[in-house]
2 protein chains.
Amino acid sequence: MASLKYSRQREAIKDYLSSVTTHPTADTVYMHIKEEFPNISLGTVYRNLNLLADIGEAIKITTPDGGDRFDARTNPHYHFYCKCCKRMIDMDFDHMDKINHLASESFDGQIESHTMLFYGICGDCLRKS
Amino acid sequence: MASLKYSRQREAIKDYLSSVTTHPTADTVYMHIKEEFPNISLGTVYRNLNLLADIGEAIKITTPDGGDRFDARTNPHYHFYCKCCKRMIDMDFDHMDKINHLASESFDGQIESHTMLFYGICGDCLRKS
DNA sequence: TTCCCTGCAAACTGTTTGCATCGCT
DNA sequence: AGCGATGCAAACAGTTTGCAGGGAA
């Protein structure tokens, strides 16, 4: 484990990510952090988002549309992706341990974790149509 | 729905995908098809893989490592991704309807489907270490 | 003073697309 | 003949990386 040195940029990125439930892309994070640090570069944002993910202070969520999303909510949970408004929404569907257990029973190998991505139309979009 | 015209390349791609359970990347498909069609281009492979996915004769599976995988097994099922050998393995874990149903109960919106990707070490890799 | 971190830009990977031509139907 | 499909190459999006200089310890 490499030694970490404090950086205001990383702190700002972490703070922003913690203040939000929108699962932003790296580029969205970049644009918001830029308001406070006009000279920050996209590379730095990527480096820090990946670093935060590595040390377990954020998670990286792969989307079918390409373009990973980031989330400061690190306890295991699921996500819903609205095909209409492209929002990614946290799911409170707490069967993770049970699912890992059930899956392990019928699988030759060691399951460490799993991700689940639900797909459909969110409530807001449903009511608008 | 656009009209489809027969093409030997598409047929070969579909046949190859059906003959295999390895969830190949577009590039892997490309390299195999090239043995039969030395002049085929990667663009054509991508176009046909996406086309097959669109008409429901294949599925596209997003991986956390970037680089989608393709699968001719189109009935809904889950996958396991081995962090050791990078293989993607079909899971016979048949709780899809139940999970969709349970999730729908506690979610404001219309869930159409979901994908689940398990992560860990496959049996082969476990025994080798 | 050390060495991690930054900004910048170039490089890289996976994928899509415009275009002229080919080949089903 | 008509129009979808192909091969090729250029373009694209998202992400990573090499480097020289800056800042925390």
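So you know, we letter chains A, B, ... as the sequences are listed, proteins then strands, and number each from 1.
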query: What is the nucleic acid contact for L42(A), judged by heavy atoms within less than 4.0 Å: base, sugar-phosphate only, or nothing?
result: base
- request: With heavy atoms under 4.0 Å as the rule, sort D27(B) into base, sugar-phosphate or nothing.
  value: nothing
message: Taking transitive links into account, so neighbours of neighbours count too, which hydrophobic residues share a cluster with M88(A) at under 4.5 Å side-chain distance?
response: I59(A), I61(A), Y81(A), L117(A), Y119(A)
query: Under 4.5 Å between any side-chain heavy atoms of R10(B) and L4(B), yes or no?
result: yes
- request: Give the other cluster members for L126(A), using side-chain heavy-atom distances under 4.5 Å between Ile, Leu, Val, Met, Phe, Trp and Tyr residues; answer none if it is isolated.
  value: I121(A)
query: Once you round it to whole Å, what is the distance between P of dC4(C) and CD1 of I55(A)?
result: 15 Å
- request: Measure the angle between the two terminal helix axes of the helix from dT1(C)-dA25(D) to dT25(C)-dA1(D), five base pairs each, and quote it to 10°.
  value: 30°
query: Could you give the CG-to-P distance, from L49(A) to dT6(C), as a whole number of Å?
result: 11 Å
- request: Just jot down the salt bridge (Lys or Arg N to Asp or Glu O under 4.0 Å) partners of R73(A), sequence neighbours excluded, or say none.
  value: D90(A), D92(A)
query: Are H95(A) and Y78(A) an aromatic pair by the rule of ring centers under 6.0 Å?
result: no
- line: The first and last nucleotides of DNA chain D lying within contact of chain A, meaning any atom under 4.0 Å from one of its heavy atoms, run from dG14(D) to dA25(D)
- request: Not counting sequence neighbours, which residues clear ring-ring contact (aromatic ring centres under 6.0 Å, His included) with H32(B)? List them please.
  value: Y16(B)
- prompt: Should D124(A) and R87(A) count as an ion pair when the cut-off is N to O under 4.0 Å?
  reply: yes
message: Would M116(B) and I99(B) count as a side-chain contact (heavy atoms from CB on, under 4.5 Å) here? Give the steps.
response: CA-CA 10 Å; M116(B) 178 140 59; I99(B) 287 172; 3.7 Å; yes
- request: Can you sort out the partners of K86(B) under salt bridge (Lys or Arg N to Asp or Glu O under 4.0 Å), two or more places apart, ordered by chain and number?
  value: D65(B)
message: Taking the basic N atoms (NZ, or NE/NH1/NH2) and the acidic carboxylate oxygens, is any pair closer than 4.0 Å for R127(A) and D108(B)?
response: yes
message: Quick check on contacts: within residues 67-74 of chain A, what sits under 4.0 Å from DNA chain D by heavy-atom distance?
response: G67(A), D68(A)
task: Could you tell me the separation between the OH atom of Y46(B) and the P atom of dT13(C), rounded to a whole number of Å?
output: 12 Å
- request: Under the salt bridge (Lys or Arg N to Asp or Glu O under 4.0 Å) rule, collect the residues that match up with E57(B), sequence neighbours excluded.
  value: K14(B)
statement: Closest non-hydrogen atoms of A26(A) and L42(A), given as atom of the first, atom of the second and distance, are O-CD1, 4.3 Å
- prompt: What pair of heavy atoms forms the shortest contact from F80(B) to G120(B), and how long is it?
  reply: CZ-C, 3.4 Å
field: Atom of T62(B), atom of P64(A) and distance for their closest heavy-atom approach
entry: OG1-CA, 3.4 Å
- request: Applying salt bridge (Lys or Arg N to Asp or Glu O under 4.0 Å), name anything that partners K83(A), two or more places apart in sequence or on another chain.
  value: E112(B)
- request: Assign a letter to each nucleotide of nucleotides 19-25 of chain C from its 5' end: B, base within under 4.0 Å of a protein heavy atom; S, sugar-phosphate only; -, no contact.
  value: ----BBS
query: Pick the nucleotide of DNA chain C nearest each of N39(A) and G43(B); which residue has the one closer to the 5' end?
result: N39(A)
task: List the atom of C122(B), the atom of C85(B), and the distance in Å for their closest heavy-atom pair.
output: SG-SG, 3.9 Å
Between P of dC12(C) and CG of D65(B), the distance in whole Å: 20 Å
- prompt: Within the pair N48(A) and dC5(C), is there a side-chain N or O less than 4.0 Å away from OP1 or OP2?
  reply: no
- request: Name every residue in residues 16-26 of chain A that has at least one heavy atom under 4.0 Å from any atom of DNA chain C, in order of residue number, or write none if there are no such residues.
  value: none
